Amino acid sequence: MQLDTALLVGVLFGLSIYLILLRSFVQILFGFTLLSTSVNLFLLATSGSPDGKTVPIIGAGPNPVDPLPQALILTAIVISFGVTAYLVVLLYRIFLDHDTIDAQDLFHPPKKTDDNSP
Amino acid sequence: MDPLLIALLLALALPLGCALLMPFCVRFLRSSLSWTLSLIPLTCFLLITWVAWKTADQPQVVVGLPWVPSLGVNLTFLIDGLSLFFGLIVTGIGTLIFFYARAYFQGDHETPLGRFYAYLLLFMVAMLGTVFAGNLISLFIFWELTGIASFLLIGFSHDKESSRSGARMALLITGLTGLIMLIGIIMLGLNAQTWDLAPILNSDFSQYSNSPWFNAALVLIFLGAMGKSAQFPFHFWLPNAMAAPTPVSAYLHSATMVKLGVFLCARIFPIFHDATLWFTLLCSIGFGTMLLAAWMALRSHDLKAILAFSTVSQLGFLIGFYGLGSSVGVRFDFVHIMSHACYKACLFMIVGIIDHSCGVRDIRQLGGLWKKAPWLGGACLIACASMAGIPGTIGFISKELMLIDLFAVLDKHGASVWLLLLLVLIASILKIAFSARIFLHLFRGSETETVRHHWHAPSAAIQVPPLILATLILTLGFFPGLLDHPLRSLHVLGLHDETGADLALWHGFTKELVLSLSLVALGALLYSRLQAKGWKLEIPLWARFDLFFEKGIHLFNSFTKKSTALLSSDQPLHYIPIILITLLTFMAFPLATACHQWGPEILAQTRLWQPDLLRSLTVLFILISACGLVTLKRWPQQLLCLSAIGFLVTLYFILYRAPDLALTQILIESALILMILLLLARFPGQAYAAEHRPPTAPIRKVLPMLVALSSGLMVTLFLLLASVKNPDQSIGSLYLEQTLPLAKGSNAVNTIIIDFRSLDTLGEISVLLIAVLAAIGLIMRYRRTPHERTQAAHGPAGFGLPSFKNKELP
Amino acid sequence: MLPGFLLHLTLSLLWMFLSQGALPQLIVGLVGSFLLLACFRSVLPIHHYVRRTYGLVRFLYVFIRELALANLTIAHFVLFKKTSQMHPNFITYSTKGLASFEIYLLSQCITLTPGTTTVDVRLEEEELLLHAFEAADPAAVCSSIDLTLKQAILGFTR
Amino acid sequence: MLAQILSISLLLTGSFLILLAAIGLIRLPDVYCRAHALGKATTLGVCFLLLALFIELGIELTGLKIFIAICFQLLTIPVSSHLLCLLAYRSNVSPYKNTNSN
Amino acid sequence: MKNPNSFLLKSTTGPIFFIAILFSIYLLLRGHNLPGGGFIGGLAISVAILLHGLAHGFDHMEKQMKLDPIQLAALGLLLALLTGLAPIFFGRPFFEHYNTYLQLPYLGSVPIGTPLTYDLGVYLLVVGITTKVIFIMARSTSGRCGLLPPEVPHYSSLHETAIEPPINTPQPQEPPHAT
Amino acid sequence: MNEPIYFVAAPMLIAIISLFWREPSTTRRLFGVLSAAFITLGALYFVITLSLNEQRLILNVGDWKAPLGITLVLDPLAAIMLFLSGFSALASLLYSMFELPTRSEHPLRQPLLFFLLTGINLSFVTGDLFNLFVAFEIMLISSYALLTLEANDWDIKQSFPYLTINLLGSTLFLAACGLAYSIYGSLNFAHMASQTTALAGDSRLLVLATLLMCVFSIKAGIFPFYYWLPNSYPILPTPLAAFFAGMLTKVGIYVLFRLFTTVLPHDLTSLHTLLAWLAGATMIFGVLGAVSRNFIRGILSFHILSQIGYMALAIAFFTPLSLAACVFYIIHHIIVKATLFLVGGTVSSLNGTDDLSRTGGLWKVAPILGLCFLLQALSLAGIPPLSGFWGKYLIFVEGIRLHDYLLVAAALLAGILTLYSMLKIWLGAFWSPLPDSGELHLHETRWKPLTAVVAAMTIVSLAIGLGAEHVYRISAVASRMALDQSGYVAAVMAALGKGGF
Amino acid sequence: MTPVLITCQIILLVATLAGLWRLLKGPSIFDRILAFDLIAVCCIGHMVLLSIAWHTTMFLEVIIIFSLLAFFGTVALAFFLGEKKSPEEP
Ligand code: NA
Ligand code: NA
């Protein structure tokens, strides 16, 4: 039973979803970063409770933890790094092209009210 | 191979092959040799005649080729009276039409004749395929093909808006009803456990009638017939299809396509005629349409529209006739069909010639053509007489037979069908009136302005086909006995009444004759009344179903725009909430079930749970930082919280005995933060400005929180459920056992990623490489040299060029 | 310099191999051979090496002492002094005549030693900008740096 | 036994020093002073902890790594606290009011 | 970004860079038996490179690089893929590893089989992509934020320019809304 | 033994080589086209031999026995999908070659396309859930890359929803992997399938299956998960749009198919019902969206969804016949959809726009193009005997047999509305007279080769329709073998290798 | 040994908490970066303690890399965030 991890994963997941639902690019970006962290922790928890176990290296101890989830997370971390890097660049490019970092403004630009705009 | 099969295949393949060749022999089509085109349908006609002759002594012959035998769909031909009769009509009238079309397009240098003949031949193939089809599915296939070919033909002059909309209307109506018919066919086939027609037709039908699909199949298949034969409420497409060149109208709407509905009724008659629905459905729809269309024909002024409505009316009659057949048996249906084919084709051709010669089709602008074209006038007179049922024409024979059948029904069913009789009689009166109008207004009276100015005499050749048909009408009208033998040999099992009487012009002074003559008198009376009032008639708005249809399409278009907007399809910010809410909704039931099953176990484990101080506090710290991430206002602060989370999560990995993971996590986290910094730090002061937004609606605030809360709960439940029970046989321990002896490494995590699951790693590093390539693509603009710019004057071809900027964007 | 270092290294490695040990033996070898070299410094051309190595050791001693002292000061400030009693300030410290490596070492050490942190290294002006915890008397701070760290550093770099 | 006592005292001192830095971070009045506390206390604190680890785990190749780690701390922590002071100074983060700048 | 031009930082990154390179090679070699491996090693050296870049400016770093990092990355992927494909030519399944050991004094037996080449491929790729991605980010942002103007880029050199910030480019206009 | 990996390794190798090539050149293009053709032919070979012999080819990657390592399985279904992906890539490359002058091609287009192919092919052959995740990620990152590679400044924002939604989907996929591992103790499809009876009655399986279904519904574009698709595909250049439209969503459908048949228990009736209703909604809402659009790309993009509905419905009926129909439909749809997008691209090249109010006149100018469009559009609408009819027909049959009349009615309605929206393009671009200047925007030498590509694809599609018997037999074998869990498990477990239980 | 380790752990946890407090409170961005630095150091401390507790050398590399990255992170954050004239500063 890993109540602590379950709580951690749940709250992180919820918070990241909350961030993703906000409007600012930056918050959305942070939301996705946090989202991948939370799901990595979820995967980690599937290796079972670590209490009384040792690292999954032969010779390091009598009762090593399950190595597979760790390997999977390793892959998942790297992949989400790649995708997040792309997301960062995409957001930057959108910012360059549309001069906004607000998703709402991006798709539904506010009506310009000032008269002195060219 | 069976010679019959070869003959039929040839009859299909010859026009099909020629159709494919047509676009490549435009020069031939414009040459004087193009008369020979009529030889194609003629050859088919002869082939079918030969088939008919060969099978004269057999009521039903089935030949075929396997096509998709796994699905029971084969290219099977069912040769019986019905298919032979229709085959002969299609090819026979076809021969005349090809001849007529050659004359019609004489000297026309703009019309793409190659395409025209290709469509026409294709249409003929489809027709032949349909009538000879011995398999329900192949019947449907050819049925749909006729729709496509007619679509191309109707829209042939596609520069005109009316052509396009007429073609669209025709295709949509026949397509929709065709698909509906497919459902009915499938129900029928599923009932019968076969898709082949012959066994279905020859089996005992009482076994099906209890099936739930029986009546449904009848209605659905009949809907198909209604669509094709333009029965109410689909009657409106046919007049709109008159945008086609006249040879097409003459072919499609006299003898072929619209007759398919009638053909289908005859085809399925043996299966369904015992159903009570059969009589009700066919008679009400058929005779109702007959009256409605006749009434509309009377109120139309475009020649083609009059003919179109009269066609609809006659089709209604024919369908109703098959409905009647369920109680009294079907006799002489072929006479009705042939009579209609002859006079309608003849009239269409005449109208086409007049249209060609005057450039006008409005009957009000025409008149006095008798002197200019007496032969044509004669043909028209005969055809109109046949339509009106004047003695001496085949139309008269047909009408008398109809009255006989009606009285027979009256005898059988009593007064309840008086209404039907009334409908038929009124429709006949109307028909006589507009028949008279067609002939009298075209050929009698004084020459109108239009005729005087625009008339140029038609060639002799173009008048030959209508004259042939007129001759046929007269011949058969006077000597109906000629048809006796052919009709007997075309007798169809299960369809035709065994007790057929011979045809004769004079049956004695019967009540039918009296009625018939009085109808003529009443029709003449109606004509004269209307003539006196000057024919100031229009189809009232409520009967303009075509306008409703177009309006409906328009409304539907705006409805789709609204519905698409309603579904938030163009609101990218709503996508993720919608997806999440749906996901949560779908997950609710399975999660509830799982919690019901595993809940006690989870609770029991929770009671035994002993928290680890360091881990629990790390959790707390991570959550504090995460709260900071959410609550802090400026992104630099949030980023710092994120970095802190990264470091603390690494510690958490350590607590889970994962050094490799910790190393990777912290390295990646740092690289990522640098990346975010590099780009986000370039966001100008606006990055701060964006944080000061106007207040949003409460729902906008509460909904994300609710979604976030339930997502978090969902994942927590996932994890609790995941860890509630260990799998019986987990491969995790396997890696620990075999990493050293087999993979020659003691770090199990590393041997997994390098050896056991090396393919994952290969994929993972490709993802990294591609991500960087993607980033390069985003940030580095690919520049073309000035030379390349000129080479592609309009920029890159295809979708590369136009941006959403110029588009109707949501 | 170099011959002395090489000799020292050779001797220690020799010792390590001869005693068939690893790191502990290497350390013993380093210390032992240094003592040996120190004895023979007048005979061999390694006088400077020995002196500077001694200087290094002394520098390390001074550094560790100052580091410990610094932490005690911090503890004193953090735990016992009220905010109002603190007088932090920026002061400048001249680095005239020092080589860049010496400046680097000095400024790094200043951050780790009592009461001062290097804020900026101004190479052009040949001075350091320091932030001192207790800067009532800037001159005293500077002279204490001169006496401890600077001296120790110069002791082994020159 | 001696090693045990030594490592225990190193551990406790090290942890205490880090706590000291933390208290300093909270208590001290401005960013410069906080950087002070952090730079000095955490360097020594972590070094002490690492030394304790050294004593506990022996002095093979591990020892070299611990040595590297200690060097790392000595190299980096002062630089980061310096850098923070420098950037704060350049961004004109105003120092604590008791300061009378010259 | 303006280079903070801190003397201390610049001087410190030198030795750190050196240590990090040695350390990353160490991590690469021992990954099969202890924590580490090509991935971690590669990331470690990339972080050192990035640190160096932070201290000295990325344009300076990029100028010093002899090889386009993306080519290094592609090379790494190629190496990894070829490691996987090699057994096929011996009639063995894809990615079957061949282990062999090199006996070295004091270091014991060092595995130098195909796992190492695979790890090396990963290592090269990671180094390549991390540096490349940071470089292009740094370069593309140069216009606005005061780094030196970019050198002629390596990748597809004649046809690639950094997208400039919106200062100089015409702003896209919102299309008229279909109402 | 190594056959399955060829289809993954080859595109990756080609991508890397193209990357080293740096500059697009005629040689590089030819190299790409020829290799794609080679891959396609290879796949065709396996389609034929594997379905004739009813055989599965198993590769234990790294020689690790089944549950331990990653297993790749090349069965007829996978082979069919490999053929289709290769074919679409070939068409896309060919079109690309004729569409743009060499120097105007983006240097990264070809490598990225082959990387995309790598990911797609890996997801077809993989027999491991996590490896499937990796394959999906390769595919997705390449698709992001291609989506934004040549997008202009205005369009680029449309890739943002695409990216975020797929990121969310990938995260959920990862969670599903974790859940699967803790339930089954394995990620290998065969090992998972072998535990079906042992885990009977474990309600966590339903949780896992629902989660997986939702994840792949996002990837496949099933209502209401489809939002990312219709506005993002139109920003792609024509050949890529064709490839994406044909191939990408079908990967989601393939995985749904694979999971429901080969991996998950067959008795998830409630889930099948849910999928069926979602499929119905997808058909209707997809086609409504298509009708609402007035430019070719928009119409075609929404049609992807509506057609996905048919395939999902075929899966949801979950009878041997309907599953065979699904395979048939996939085969048909990939080719038809790709062709339609190519035609759409050619039309907008010719008219300079694909806004239907400003196009026209092409039936006179480019009749072959028009014929191709007509045939494919009718095929899409399910007009017999074109390829689209057979799948729809079988779906109707199964729907009636299962008494799902409402769903059949939805399918019928979607069919007729498809016809309607295709007519919209036909009337707008081909039949209506050319407005404005009446000038074409492309020279003959440039659009005639494009038409040739389109025509070749149309011929293939026609062949599928007329030769439905063979295609159906292959589909039936493929679906039957996919459905045969015990056969799959036995084949995978029998493959030799090191280690294992 | 264990009580000592637990004591040290608790001390470090308290220090981390203090760091978090500063991280959330600010006021200047540099204060937050300092707090981040402190948290990183605490993590290193925890790792050392865990290595002693579990008597393993497996985490040494993590410790080294961690200190490298703590430094790297501080430098990067200070560079990019520090340069900005954020309105929160006086
Ligand atoms: Na148009
Ligand atoms: Na148009």
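Here is the naming used below: chain letters follow the sequence lines, and residue numbers restart at 1 for every chain. Please read these numbers as outputs of a predicted model, since none were measured by experiment.
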Spatial distance of atom [atom1] ([X]) from atom [atom2] ([Y]) [nearest 0.5 Å]:
X	Y	atom1	atom2	result
F7(E)	L86(D)	CZ	CG	13.0 Å
F23(E)	K65(D)	CZ	NZ	7.0 Å
S80(D)	L8(E)	OG	CG	11.0 Å

Review point. In this structure, are over 12 heavy atoms from other groups packed under 6.0 Å from Y101(E) atom OH?
Key: yes

**Study point:** For L75(D) against T12(E), the heavy-atom pair lying closest together
**Key:** O-CG2, 3.7 Å

